[in-house]
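Both ligands and their constituent atoms are indexed starting at 1 by order of listing.
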Amino acid sequence: MTAHRHPDSIDVPFAVAAMHRLRFTGDVLGADREVLAGVLKPSGDRAARVQFWLDGHLATARPDMVERIEAFYRAFPNGILPAGNVQIVPGGEIVKNDIHILERMLKVFHAADLDRRSYVVVIGGGAVLDAVGFAAAIAHRGIRLVRLPTTTLSQADSGIGVKNSVNLFGKKNWIGTFAVPWAVINDAALLGTLSDRDFICGFSESVKVSLLKDAALFSELCGTAGRIRRRDLAAALPMIRASAKLHLDHITKGGDPFEANEARPLDFGHWSAHKLETMTDFALRHGEAVAIGVAVDTVYSSLVHGLPVSDAERVLRCLVELGFSLSDAALWNAETLFEGLEEFRQHLGGRLTLTMLRGVGDPIDVHEVDREQMCAAIGRVAEFVRADGSLTSAAGG
Ligand SMILES: NC(=O)c1ccc[n+]([C@@H]2O[C@H](COP(=O)([O-])OP(=O)(O)OC[C@H]3O[C@@H](n4cnc5c(N)ncnc54)[C@H](O)[C@@H]3O)[C@@H](O)[C@H]2O)c1
Ligand SMILES: [Zn+2]
């Protein structure tokens, strides 16, 4: 059926070219500083004006950071100019929960006269990247943003994405934009001061993306989970890199970078994860909540969508070996948890669309959830944790 078009309407599809620049370094403010300098292009014949923003917890853990940033400026006296002092913001979710911090960021940009050809370089965890990135995206309708993610989660996942946001009305990521970062630099040395707890967090996203897109990578993760948990970088860094690359390919080649379609495949396991984060008042980290959400939706997939139970067991075992606790009291508040489904739908509008698994590397979109089976899945994950290692015994056979 051809839709009726008014004779005075003009509908022209168009595409906008964009570039996603991803770099991997070992010491971005030291031996590899040319890599950072290389993405800070001069503005015509004028040096690049660059303002640095730092995650407060990183600044505390690495008191030399500010001095290293100043040394970076000094190393490129002709090409790079400081635009104001190094700025430090509170690390973690708090920076996204206080809208006044956002306003202060805008004031700092304004005071330094940043323009669309200036650079905001933000060094921090996913929360700080989201908040500073949002401020940079709305100032002058977009200042160039260079992200240096400092958590495994942001290096493997969120730092690569084209989203930024802060929380509003008690809801995660309610206000934000889609904006392609100017560049992302994943630096191994920046992970050095992370707590063990935060170090493993990123690997729940690696499990997630491998389950969606790369069965071989998932097997590799299963094989290296113990080493990753012990922070063996020779095992961990290649997994971060592979996850980041899958994420990048999804954005640049997947055909829907700005999530106009109903499905958000990278959000496997996230309907409950987001809800668990707010239900626990962010006592659960994003990566920890994702581990639980992925476990639950994996078992649900085995109950409803034909994922082999043996594969579901591998997923849970891998998450446990990485060091995740797959149980949380909030899971038993089913009524509130299921509100997460409606919030997930409402964020996008349209029909509820969740990604589930038919097999490892074989996702499907589904439009409804059998709540009884979902409760059964939650029960089996809990039983797996108690019995340590089997889903079939929980099923009684
Ligand atoms: N934009 C997106 O697409 C997207 C996707 C997924 C998650 N997110 C968001 O990312 C946030 C979670 O990010 P995260 O998991 O990176 O955690 P985080 O930013 O909350 O960081 C965890 C903690 O570690 C500290 N920290 C960070 N780097 C450190 C370092 N190198 N040394 C010492 N301490 C350090 C932080 O200050 C914080 O206290 C959530 O707000 C989540 O919603 C965004
Ligand atoms: Zn996530």
message: Any nitrogen or oxygen of N164, side chain or backbone, less than 3.5 Å from one on ligand 1?
response: no
query: If you measure every N/O of E205 against every N/O of ligand 1, is any gap under 3.5 Å?
result: no
field: Polar contact flag, side-chain donor to acceptor under 3.5 angstrom, T25-R33
entry: no
query: Is there a donor-acceptor contact under 3.5 Å from the side chain of D281 to the main chain of A283?
result: no
message: Just to verify, what does A242 make a side-chain contact (heavy atoms from CB on, under 4.5 Å) with, not counting sequence neighbours?
response: L217
query: Is R49 reaching over with its side chain to a backbone N or O of A112, donor-acceptor style, under 3.5 angstrom?
result: yes
field: ring pair (Phe, Tyr, Trp, His ring centres under 6.0 Å): pairs with one or both residues in residues 200-247, sequence neighbours excluded
entry: F199-F203
query: Could a heavy atom of G161 be found less than 4.0 Å from some atom of ligand 1?
result: no
- prompt: What are the atoms of ligand 1, with element, lying closer than 4.0 Å to any heavy atom of K172?
  reply: 40 (C), 41 (O), 42 (C), 43 (O)
Proximity to ligand 1 by part of R62, non-hydrogen separation under 4.0 Å: neither
message: Considering both backbone and side-chain atoms of R285, is one of its nitrogen or oxygen atoms within less than 3.5 Å of a nitrogen or oxygen in ligand 1?
response: no
message: Are any of the N/O atoms on G91, whether in the backbone or the side chain, positioned under 3.5 angstrom from an N/O atom of ligand 1?
response: no
message: Does any N or O of ligand 1 fall below 3.5 Å from an N or O anywhere on T150, backbone included?
response: yes
Determine all donor-acceptor pairs shorter than 3.5 Å in which one atom belongs to a side chain in residues 175-182; sequence neighbours excluded.
residue	atom	partner	partner atom	Å
T177	OG1	N164	OD1	3.1
T177	OG1	N164	ND2	3.1
W182	NE1	V39	O	2.8

message: Any non-hydrogen side-chain atom of D365 less than 4.5 Å from a side-chain atom of T355?
response: yes
message: Hydrophobic cluster membership, with links at side-chain heavy-atom distances under 4.5 Å among I/L/V/M/F/W/Y: are V309 and V385 in one?
response: yes
task: Looking only at protein heavy atoms, identify the closest one to atom 33 (C) of ligand 1 and say how far it is in Å.
output: T193 O, 3.3 Å
- prompt: Where's the contact between L153 and ligand 1, heavy-atom distance under 4.0 Å: side chain, backbone, both or neither?
  reply: side chain
Protein heavy-atom partner closest to atom 34 (N) of ligand 1 - residue, atom, separation in Å: H57 CB, 4.0 Å
query: Taking both backbone and side-chain atoms of A127, is any N or O found less than 3.5 Å from an N or O belonging to ligand 1?
result: yes
query: Side chain, backbone, both or neither: which part of D55 has a heavy atom under 4.0 Å from ligand 1?
result: side chain
query: Side-chain heavy atoms under 4.5 angstrom apart, residues restricted to Ile, Leu, Val, Met, Phe, Trp, Tyr: same cluster for V132 and F52?
result: no
- line: In ligand 1, the atoms that come under 4.0 Å of a heavy atom of T151 are 14 (P), 16 (O), 21 (O), 27 (C), 28 (N)
query: Does the pair R74/E67 count as a salt bridge with the N-to-O cut at 4.0 Å?
result: yes
- request: Select one of side chain, backbone, both or neither to describe which atoms of D198 lie under 4.0 Å from any atom of ligand 1, heavy atoms only.
  value: side chain
- request: Provide the number and element of each atom of ligand 1 under 4.0 Å from a heavy atom of L190.
  value: 31 (N)
query: Looking only at heavy atoms, is any part of E277 under 4.0 Å from ligand 1, and if so is it the side chain, the backbone, or both, or is it neither?
result: neither
- prompt: Quick check: does S158 get an N/O under 3.5 Å from an N/O on ligand 1?
  reply: no
task: Please determine if K172 and E277 form a salt bridge, counting it only when a charged side-chain N lies under 4.0 Å from a carboxylate O.
output: yes
- prompt: So which of I123, L58, D130 gets nearest to atom 44 (C) of ligand 1, if we judge by its closest heavy atom?
  reply: D130
- request: Below 4.0 angstrom from a heavy atom of E93, which ligand 1 atoms are there? Numbered from 1 as shown, please.
  value: 40 (C), 41 (O)
task: Would you mind listing which atoms of ligand 1 come within a distance below 4.0 Å of any non-hydrogen atom of L194?
output: 28 (N), 29 (C), 30 (C), 32 (N), 35 (C)
Ligand 1 versus K163: contacting region, heavy-atom distance under 4.0 Å: both
- prompt: Does the distance from a Lys or Arg side-chain N to an Asp or Glu carboxylate O, for D115 and R117, drop under 4.0 Å?
  reply: no
query: If we only count heavy atoms from C-beta on, is the V294 to S204 side-chain gap below 4.5 Å?
result: no
task: Answer yes or no: is there a donor N or O on one side and an acceptor on the other, between the side chain of R227 and the main chain of D232, under 3.5 Å?
output: no
query: For atom NE2 of H140, is the number of surrounding heavy atoms from other residues, nucleotides or ligands below 6.0 Å larger than 12?
result: yes
message: Is there a continuous path of hydrophobic side-chain contacts, each under 4.5 Å between heavy atoms, that joins V89 to L114?
response: yes
- request: Ignoring hydrogens and angles, state whether a donor on the side chain of H286 or E205 is under 3.5 Å from an acceptor on the partner side chain.
  value: yes
statement: So the protein N/O/S atoms within less than 2.8 Å of the Zn ion (ligand 2) come down to E205 OE2, H270 NE2, H286 NE2
- request: With atom 20 (O) of ligand 1 as the reference point, say which of G56, A273, G92 has the nearest heavy atom.
  value: G92
query: Counting both backbone and side chain atoms, is some N or O of D157 under 3.5 Å from an N or O of ligand 1?
result: no
query: Would you call K208 and D297 a salt bridge, taking side-chain N to carboxylate O under 4.0 Å as the test?
result: no
Distance-only N or O hit between ligand 1 and G126, under 3.5 Å: yes
